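Step one of this worksheet: look at the structure below.
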Amino acid sequence: QVQLVESGGGLVQAGGSLRLSCAASGRTFSSYTMGWFRQAPGKEREFVTAISKSTGDTYYADSVKGRFSISRDNAKTTVYLQMNSLKPEDTAVYYCAADRRGGIALRGYEYDYWGQGTQVTVSA
C-alpha cells in the first residue's frame with residue numbers, strides 16, 4: 001500500500017511563501033497522478049492542484065493559479081507544492097494524494113491514497 005508523508009507546513013505572514021513536500025512510498029510513483037487538496041475550518045475539502053504522471057500536465061484551481069506551483073521528483077518519489085503570495089484565505093490543512101490511473105484527476109474521489117495533512121496558517 002502506498003504511504004504519503006507531508007511536511008513543510010507552518011505559520012507565515014501574508015505575502016510570504018512556503019514549500020510543502022509529500023514523500024511517497026512505492027516503486028510505481030512515476031505512474032501516479034499526484035494532487036494537493038486543502039480543507040479550511042468549517043469548509044469542505046477542495047482541489048488545489050495536480051500533476052499527471054511523470055512530468056505531465058499540471059492543473060490549478062482558479063483561486064491559486066499564478067501563485068502556487070506543483071512539481072515532482074520521480075527519483076525521490078516526492079511531490080512539491082510551492083506557495084507564493086500567500087493570503088489569509090489560504091489557511092487550511094493541506095493534503096497530498098495519489099491517483100493510480102495517472103490521468104486527469106480533479107476530484108477527491110478519484111484519488112486512491114492520502115497523506116495525513118499539514119497545517120498552513122497565513123496571518124494578516
Side-chain angles (χ1 to χ4, degrees):
Q1 184 176 359
V2 173
Q3 294 181 332
L4 305 174
V5 180
E6 301 166 351
S7 62
L11 175 65
V12 65
Q13 296 285 336
S17 298
L18 284 174
R19 189 181 75 158
L20 306 183
S21 299
C22 178
S25 65
R27 66 176 182 84
T28 57
F29 173 83
S30 63
S31 297
Y32 302 158
T33 290
M34 300 297 298
W36 288 93
F37 293 77
R38 67 187 182 186
Q39 187 169 22
K43 294 186 178 296
E44 297 292 325
R45 180 181 60 194
E46 67 173 345
F47 171 79
V48 177
T49 182
I51 183 167
S52 297
K53 65 179 181 180
S54 299
T55 55
D57 292 336
T58 57
Y59 313 89
Y60 295 93
D62 288 342
S63 60
V64 306
K65 193 173 299 181
R67 300 187 298 119
F68 290 12
S69 179
I70 188 171
S71 62
R72 66 193 298 162
D73 186 333
N74 289 336
K76 297 180 179 179
T77 64
T78 300
V79 63
Y80 304 95
L81 179 63
Q82 179 67 47
M83 304 184 293
N84 299 323
S85 302
L86 282 161
K87 305 174 180 179
E89 51 263 46
D90 295 318
T91 295
V93 176
Y94 283 71
Y95 300 89
C96 66
D99 171 18
R100 293 173 296 178
R101 300 172 303 166
I104 298 172
L106 307 179
R107 299 291 182 266
Y109 66 80
E110 297 179 280
Y111 288 82
D112 303 292
Y113 308 105
W114 293 85
Q116 80 286 354
T118 185
Q119 177 70 48
V120 172
T121 302
V122 184
S123 64

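Starting from 1, each residue takes its place in the sequence as its number. Remember, it's a predicted structure, so these values are computed and weren't measured experimentally.
- The hydrophobic clustering, which links ILVMFWY residues whose side-chain heavy atoms are closer than 4.5 Å, places Val12 and Leu81 together.
- Looking only at distances, no side-chain donor or acceptor of Glu110 sits under 3.5 Å from a matching main-chain atom of Ala105.
- Here the CZ-OH distance, from Arg101 to Tyr32, works out to 13.5 Å after rounding to the nearest 0.5 Å.
- Side-chain atoms of Gln116 come within 3.5 Å of backbone atoms of Glu6 as a donor-acceptor pair (strictly under, hydrogens ignored).
- Distance CZ/Phe29 to OG1/Thr78: 6.5 Å, rounded to 0.5 Å.
- When atom types are taken as modelled, the side chain of Thr33 and the backbone of Ser52 share no donor-acceptor pair closer than 3.5 angstrom.
- Under a 4.0 Å N-O distance rule, the pair Asp90/Lys87 does not qualify as a salt bridge.
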Intermediate values then yes/no, side chain to side chain contact (heavy atoms under 4.5 Å, CB included), Asp112 and Val2: CA-CA 9 Å; Asp112 303 292; Val2 173; over 6 Å; no

Side chain to side chain contact (heavy atoms under 4.5 Å, CB included) evaluation trace for Met83 with Trp36: CA-CA 12 Å; Met83 304 184 293; Trp36 288 93; over 6 Å; no

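- The shortest heavy-atom contact between Ser71 and Ile51 is CA-CD1, 4.3 Å.
- The number of heavy atoms from other shown groups lying within 6.0 Å of CZ (Arg107) does not exceed 12.
- Between the side chain of Glu46 and the backbone N or O of Arg38, no donor-acceptor pair lies under 3.5 Å.
- Using a distance-only test at 3.5 Å, with no hydrogens or angles considered, no donor-acceptor pair links the side chain of Ser21 to the main chain of Tyr80.
- Judged by distance alone, the side chain of Thr77 and the main-chain N or O of Ser25 form no donor-acceptor pair under 3.5 Å.
- In this structure, Trp114 is not a member of the same hydrophobic cluster as Val120, with clusters built from ILVMFWY side-chain heavy atoms closer than 4.5 Å.
- The backbone N or O of Tyr113 sits nowhere less than 3.5 Å from a side-chain atom of Arg100 that would complete a donor-acceptor pair.
- The minimum heavy-atom distance between Leu18 and Gly8, with the atom names listed, is CD2-O, 3.9 Å.
- No continuous path of ILVMFWY side-chain contacts below 4.5 Å connects Tyr59 to Met34, so the two sit in separate hydrophobic clusters.
- Taking each heavy atom of Ser85 and Arg67 in turn, the nearest pair found is O-NH1, 3.0 Å.
- Although no hydrogens or angles enter the test, the distance criterion places a donor-acceptor pair under 3.5 Å between the side chain of Thr91 and the main chain of Val122.
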CA sep, side-chain torsions, deciding dist, call: Tyr95, Cys22, side chain to side chain contact (heavy atoms under 4.5 Å, CB included): CA-CA 9 Å; Tyr95 300 89; Cys22 178; over 6 Å; no

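- For Ile104, the CD1 atom sits in a loose shell: 12 or fewer heavy atoms of surrounding residues, nucleotides or ligands are nearer than 6.0 Å.
- Residues Ala92 and Ala40 come closest through the heavy atom pair CB-N, 3.8 Å.
- No continuous path of ILVMFWY side-chain contacts below 4.5 Å connects Leu86 to Phe47, so the two sit in separate hydrophobic clusters.
- Between Phe37 and Tyr111, the gap from one ring centroid to the other is short of 6.0 Å.
- By the 6.0 Å contact criterion, CD on Glu44 is open, its count of non-hydrogen atoms from other residues, nucleotides or ligands being 12 or less.
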Derivation and outcome, side chain to side chain contact (heavy atoms under 4.5 Å, CB included), residues Thr49 and Phe68: CA-CA 8 Å; Thr49 182; Phe68 290 12; 5.7 Å; no

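- Once rounded to the nearest 0.5 Å, the distance linking CD of Gln13 with CG of Leu11 reads 7.0 Å.
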